[in-house]
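One structure is given below, encoded as structure tokens.
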Amino acid sequence: MTRILVLGGTSEATRLARSLAEARADAVFSYAGRTTAPAAQPLPTRVGGFGGVEGLIDYLWRARITHVVDATHPFAAKMSANAVAACREAGVALCALERASWQAGPGDDWQHVPDMAGAVAALPDRPIRVFLAIGRQNLPEFAGRQQHFYLLRLVDRPEGALPLPRAEAVIARGPFTREGDRALLEEHAIDLVVAKNAGGAGAWAKLDAARDLGLPVILIDRPAIPARRVLGRVDEVMAWLRHSARLGV
Ligand SMILES: NC(=O)c1ccc[n+]([C@@H]2O[C@H](COP(=O)([O-])OP(=O)(O)OC[C@H]3O[C@@H](n4cnc5c(N)ncnc54)[C@H](OP(=O)(O)O)[C@@H]3O)[C@@H](O)[C@H]2O)c1
């Protein structure tokens, strides 16, 4: 019997959940629990960490999971590495549903940096106005560069003070539009955009908007993840599941 665990938190994971529900697959959807009101899924859903590799192995056994689809965000490297280790140990089939990374086109002024520290170091010394589109978790890393104004976009209203004194948070959930993001950048007189190379369509608008306004972008490369099967589309994942289930993997 095939029983699937979907590691979610992305629009791709939500699309996969829809396909699995339509196919009446036996599947569980998992959220980390980072946001207060995650999108409802058409699959039984669990919320919260598993407790590292050991906890995930234990969960896979107890829930009788045969297949894991890691559809987490490309920057959720800890969860993805844990999934590789736990699936290997538990003898569970694993594939990742991962969108391609963004590539610069004509008119883009992108500086690629390897990680968050690289983005901090790439900021100029003179005070500027930055759209820091990196979510919430890594904000403290920018605390050493307090001369800048930071515009943040967060899913949930932050509890307590932001770790950056000269910052303003816009509360919004994607997908975003090119026009909307251009208006946002203009309204806040933004000089530079800092973003993760997330890939996909939902967060792309800010890069179109930056190009429209001739703004430079610091783009943070994806973290390294141990080798695993990677598929780019929901229909490829569905075909992989059908195929490996037929083979009794
Ligand atoms: N990082 C981003 O930029 C970003 C952007 C959009 C959405 N997200 C989503 O937000 C979630 C957290 O991202 P992150 O960067 O904090 O991940 P992370 O650093 O890779 O994960 C940290 C820990 O959170 C738990 N976790 C993460 N994803 C989980 C899931 N889908 N189900 C159950 N537990 C999960 C795991 O805890 P245990 O070790 O206890 O199992 C994991 O070790 C992910 O699901 C991701 O898809 C992340």
Side-chain angles (χ1 to χ4, degrees), residues 4-17 20 27-41 43-63 65 67-87 89-90 92 94-99 101-102 113-116 119 131-142 152-156 171-176 193-207 218-226 228 230 234 237:
I4 302 152
L5 171 65
V6 178
L7 301 172
T10 58
S11 52
E12 287 75 11
T14 297
R15 288 211 314 275
L16 175 65
L20 289 168
V28 181
F29 193 96
S30 177
Y31 273 124
R34 292 281 187 279
T35 56
T36 49
Q41 298 297 337
L43 296 175
T45 300
R46 64 166 302 286
V47 181
F50 297 95
V53 175
E54 290 307 315
L56 181 54
I57 292 170
D58 188 52
Y59 176 86
L60 295 174
W61 281 108
R62 275 190 295 107
I65 300 295
H67 293 72
V68 173
V69 182
D70 177 2
T72 57
H73 191 273
F75 279 72
K78 181 101 181 61
M79 183 71 254
S80 293
N82 287 357
V84 171
C87 288
E89 183 67 27
V92 168
L94 168 71
C95 89
L97 170 57
E98 191 179 88
R99 51 212 189 187
S101 50
W102 291 323
V113 294
D115 50 25
M116 210 53 72
F131 179 28
L132 190 54
I134 59 165
R136 187 186 48 173
Q137 286 187 65
N138 299 97
L139 295 179
E141 296 187 47
F142 288 80
L152 315 175
R153 181 155 59 192
L154 306 175
V155 174
D156 291 314
I171 310 305
R173 195 185 282 259
F176 302 104
V193 175
V194 177
K196 296 173 175 176
N197 195 337
W204 168 258
K206 58 181 172 280
L207 300 173
I218 294 173
L219 200 61
I220 303 163
D221 291 342
R222 295 174 173 194
I225 291 169
R228 68 231 163 115
V230 177
V234 167
V237 173

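Indexing begins at 1, ligand by ligand and atom by atom, following the structure's order.
- Atoms of ligand 1 lying under 4.0 Å from at least one heavy atom of K78, given by number and element, are 18 (P), 19 (O), 20 (O), 21 (O), 43 (O).
- Put simply, the side chain of W204 never gets that close to the backbone of G199: no donor and acceptor are under 3.5 Å apart.
- At most 12 non-hydrogen atoms from other residues, nucleotides or ligands lie less than 6.0 angstrom from CZ of R136.
- In terms of protein heavy-atom proximity, atom 47 (O) of ligand 1 is closest to H73 N, 2.9 Å.
- In this view, F29 and Y31 satisfy the ring-ring contact (aromatic ring centres under 6.0 Å, His included) rule, not counting sequence neighbours.
- At a 4.0 Å heavy-atom cut-off, ligand 1 does not touch A71 at all.
- For G52, a nitrogen or oxygen atom sits less than 3.5 Å from a nitrogen or oxygen atom of ligand 1, counting backbone and side chain alike.
- Residues satisfying the ring-ring contact (aromatic ring centres under 6.0 Å, His included) test with Y59, not counting sequence neighbours, are F50.
- Heavy atoms only, all atoms of each residue included: G135 and L139 are closest at O-CD2, 3.5 Å.
- For ligand 1, none of its N or O atoms has an N or O atom of R46 under 3.5 Å away.
- Distances below 4.0 Å separate heavy atoms of G49 from the following atoms of ligand 1: 34 (N), 37 (O), 38 (P), 40 (O), 41 (O).
- A heavy-atom separation below 4.0 Å is not found between A81 and ligand 1.
- Closest heavy-atom approach to atom 22 (C) of ligand 1 among the candidates E54, R222, R136, R34: R34.
- Geometrically, ligand 1 and Q137 share a nitrogen or oxygen pair separated by less than 3.5 Å.
- Contact atoms of ligand 1 toward K196: 1 (N), 2 (C), 3 (O) (distance under 4.0 Å to a heavy atom of the residue).
- Those atoms of ligand 1 with a heavy atom of S30 less than 4.0 angstrom away are 30 (C), 31 (N), 32 (N), 33 (C).
- When atom types are taken as modelled, the side chain of T10 and the backbone of A71 share a donor-acceptor pair closer than 3.5 angstrom.
- The shortest N or O to N or O distance between M79 and ligand 1 is below 3.5 Å.
- Close to ligand 1: A77, with a non-hydrogen atom less than 4.0 angstrom away.
- Distance alone, capped at 3.5 Å, places no donor-acceptor pair between the R222 side chain and the F75 backbone.
- Using a 4.0 Å heavy-atom cutoff, N82 is listed among the residues neighbouring ligand 1.
- Considering both main-chain and side-chain atoms, T72 never comes within under 3.5 Å of ligand 1 through any nitrogen or oxygen pair.
- The minimum heavy-atom distance linking L97 with L16 is given by the pair CD2-CB, 4.1 Å.
- Not a single donor-acceptor pair under 3.5 Å links the side chain of R228 to the backbone N or O of V230.
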